[in-house]
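Worksheet for the structure shown next.
Quick caveat: nothing in here was measured; it's all calculated off a predicted structure. Just so you know, ligand 1 is whichever comes first in the structure, and atom 1 is the first atom listed for that ligand.
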Amino acid sequence: MKAILFGATGMVGQGVLRECLIDGEVRSVLAVGRRATGQHHEKLRELVHRDFLDFSAAENELSGFDACFFCLGVSSVGMKEADYRRVTYDFTMAAARALARLNPGMTFVYVSGTGTDSSERGRTMWARVKGKTENDLFRLPFRAAYMFRPGVIVPLHGIKSRTKAVRVAYAAIGPLLPLVRAVFPKYVTTTELLGRAMINAAKHGAPTTLLENADINELGRSRVSP
Ligand SMILES: NC(=O)c1ccc[n+]([C@@H]2O[C@H](COP(=O)([O-])OP(=O)(O)OC[C@H]3O[C@@H](n4cnc5c(N)ncnc54)[C@H](OP(=O)(O)O)[C@@H]3O)[C@@H](O)[C@H]2O)c1
């Protein structure tokens, strides 16, 4: 499998990248970001891209892929709707439209979050925007599209969030996370399980196209190929 990964420098993306690099069936990964990951591996190539609303200049690099893992995203905390929507919806759809055209056999796996609002009409801004993003991704002509809605994500293997508020929160509750995970397994996942589940969805499909946290954990534990 040849995979393309957006957001590889972030917490979720680092987890997906790690699992891709150790998975024998993932032959190569192209990480697309506004900066390089700084990692070096024989399976990893990097594309540093500036304008996430326009991929026309990068089209030569973006074809020939089987899967896209889209982990680029921002926290909505303190953001105006227009700014949040630009990164969450406009960036995602610009990349996805280009990829769908260039890779008709592609499986697209998108990370949204628990509480995403498929009606697009609820009161919570981030949930509406993520809901519209999911709905419009389903309309693109990919071979398959999966929407992943993780809850709390425990970072493993030294992985850290790019978002300061998230890093501070994890530093504060970090020692309690194993307990939280044991008590609320339905709502907590890890960067490892999430990465494995996304790869499994791309390789084998998933029981549903919209995966909540418990579905992610189940898929992450199944058919694991290290
Ligand atoms: N963390 C959680 O607990 C959690 C839970 C549920 C859902 N999610 C969702 O998972 C996704 C990834 O979250 P995360 O925790 O991995 O976030 P993160 O650690 O903050 O990483 C975000 C990634 O997106 C990239 N990015 C952000 N703004 C960008 C921009 N304007 N232009 C280009 N790239 C940009 C970052 O690149 P740079 O490194 O260049 O900044 C980084 O690669 C998000 O959609 C989030 O809503 C996260």
Check: Gly122 main-chain N/O paired with Asp117 side-chain donor or acceptor under 3.5 Å: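 Flag set: sc Asp117 to bb Gly122 pair under 3.5 Å.
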In residues 64-83, what donor-acceptor pairs under 3.5 Å come from side-chain atoms, sequence neighbours left out?
unit_1, atom_1, unit_2, atom_2, d
Asp66, OD2, Lys2, N, 2.7
Ser75, OG, Val77, N, 3.1
Glu81, OE1, Arg128, NH2, 2.9

Residues in salt bridge (Lys or Arg N to Asp or Glu O under 4.0 Å) contact with Arg45, at least two apart in sequence or another chain: Glu61
Contact table, ligand 1 N/O with protein N/O, distance under 3.5 Å:
unit_1, atom_1, unit_2, atom_2, d
ligand 1, 3 (O), Tyr170, OH, 3.4
ligand 1, 16 (O), Met11, N, 3.0
ligand 1, 16 (O), Val12, N, 2.8
ligand 1, 19 (O), Met11, N, 2.9
ligand 1, 19 (O), Ser161, OG, 3.4
ligand 1, 19 (O), Arg162, N, 2.8
ligand 1, 20 (O), Thr163, OG1, 2.6
ligand 1, 24 (O), Gly73, N, 3.3
ligand 1, 24 (O), Gly73, O, 3.4
ligand 1, 31 (N), Arg34, NH1, 3.3
ligand 1, 37 (O), Thr9, OG1, 3.3
ligand 1, 39 (O), Thr9, OG1, 2.5
ligand 1, 39 (O), Arg35, NE, 3.1
ligand 1, 39 (O), Arg35, NH2, 2.9
ligand 1, 39 (O), Arg162, NE, 2.7
ligand 1, 40 (O), Arg34, NE, 2.9
ligand 1, 40 (O), Arg35, NE, 3.1
ligand 1, 41 (O), Arg34, NH2, 2.8
ligand 1, 41 (O), Arg162, NE, 3.3
ligand 1, 41 (O), Arg162, NH2, 3.4
ligand 1, 43 (O), Gly7, O, 3.3
ligand 1, 43 (O), Thr9, OG1, 2.6
ligand 1, 43 (O), Gly10, N, 3.1
ligand 1, 45 (O), Lys130, NZ, 2.6
ligand 1, 47 (O), Lys130, NZ, 3.2

Parallel, tilted or perpendicular: rings of Phe108 and Tyr110 (30°, 60°):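 If you compare the ring of Tyr110 with that of Phe108, the planes turn out parallel.
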Donor-acceptor pairs are to be reported for all side-chain atoms of residues 169-189 against protein atoms at under 3.5 Å, with residues two or more places apart or in another chain.
unit_1, atom_1, unit_2, atom_2, d
Tyr170, OH, Ile153, N, 3.3
Tyr170, OH, Ile153, O, 2.3
Thr189, OG1, Asn217, OD1, 2.6

If we ignore angles and hydrogens, is there a donor and acceptor under 3.5 Å between the side chains of Arg143 and Thr107? yes
